[in-house]
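Beneath this line is the structure, given in structure tokens, with notes to follow.
Being a predicted model, the structure only gives us computed values, none of them experimental.
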Amino acid sequence: MTRSDLETRSLLDELCSFDKKGLFDLGHPLLNRIAESFVKAAGIGAVQAVSCEAYFTAIEGASSSLPSNGVDGSGGVQPDISAAKKRRLPGLRGETSSKSLEAMVKKTGKESLQWGVAAGLYSGLTYGLKEARGAHDWKNSAVAGAITGATLALTLDDSTHEQIVQCAITGAAISTAANLLSGIF
């Protein structure tokens with residue numbers, strides 16, 4: 001084997017072993033788990049934000065090419081983009097590309113941070129509760145989900161008391177259901 005083959009093989013071995021040893025070694029399993037969950041979910045959040053914007057841009061572009069009656073030549077109907085426009089990036093209004101890029105980066109950063117905080121907080125709480133209680137059950141998931149849901153509600157621009165409580169209940173319900181269903185499937 002040549003030196004290049006060994007370097008390639010060791011890189012592939014490293015990539016395959018992420019599941020075994022994780023991405024980080026911060027000295028404590030709790031910190032490792034939080035950091036790893038944050039990074040993975042932040043990446044997913046960034047991809048979600050960019051793909052969502054690309055989707056809405058494509059729909060808006062497709063709908064502008066249709067005739068005014070909303071029906072294309074094949075009998076297809078124009079998509080409803082009123083909901084899409086509400087979710088669009090507020091800074092993207094046909095300005096220069098530097099402003100559009102800046103708005104996209106801000107939106108992607110915010111989405112990444114929210115996803116990362118949610119995953120890191122939830123993962124850290126479930127690990128901490130498991131260590132404190134000595135059991136990993138639906139109760140840990142419910143508490144971690146409720147705290148995570150309430151924290152995410154606080155990241156909204158104008159969060160009300162009702163929204164915080166609703167997000168806490170929703171987070172607890174989703175995480176409890178996921179925990180209970182994980183034993184079935």
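- The shortest heavy-atom contact between R133 and N140 is NH1-OD1, 2.6 Å.
- Residues E53 and M104 form a side-chain contact, since some pair of their non-hydrogen atoms from C-beta on lies under 4.5 Å apart.
- Between A49 and E111, the closest heavy-atom pair is CB-CG, 3.6 Å.
- Atom-to-atom distance recorded for L152:CG and I164:CD1 is 11.5 Å, nearest 0.5 angstrom.
- Judged by distance alone, the side chain of T176 and the main-chain N or O of A173 form no donor-acceptor pair under 3.5 Å.
- Atom CG of L154 and atom CD of Q163 lie 10.5 Å apart (nearest 0.5 Å).
- Minimum heavy-atom separation, T108 to V50: OG1-CG2, 3.7 Å.
- Rounded to the nearest 0.5 angstrom, R33 CZ and L26 CG are separated by 14.5 Å.
- What you find for G171 and S175 is that their closest heavy atoms are O-OG, 2.9 Å.
- Of all non-hydrogen atoms in G120 and I34, the two that sit nearest each other are O-CG1, 3.6 Å.
- Once rounded to the nearest 0.5 Å, the distance linking SG of C167 with CD1 of I147 reads 14.5 Å.
- Of all heavy-atom pairs between Y127 and L30, the closest is CD2-CD1, 3.5 Å.
- Taking NZ of K130 as the start and CG of L125 as the end, the distance is 14.0 Å to the nearest 0.5 Å.
- Remark: W115 CH2 to K40 NZ distance equals 15.0 Å, nearest 0.5 Å.
- Side chains of L129 and K139 form no contact here, defined as non-hydrogen atoms less than 4.5 Å apart.
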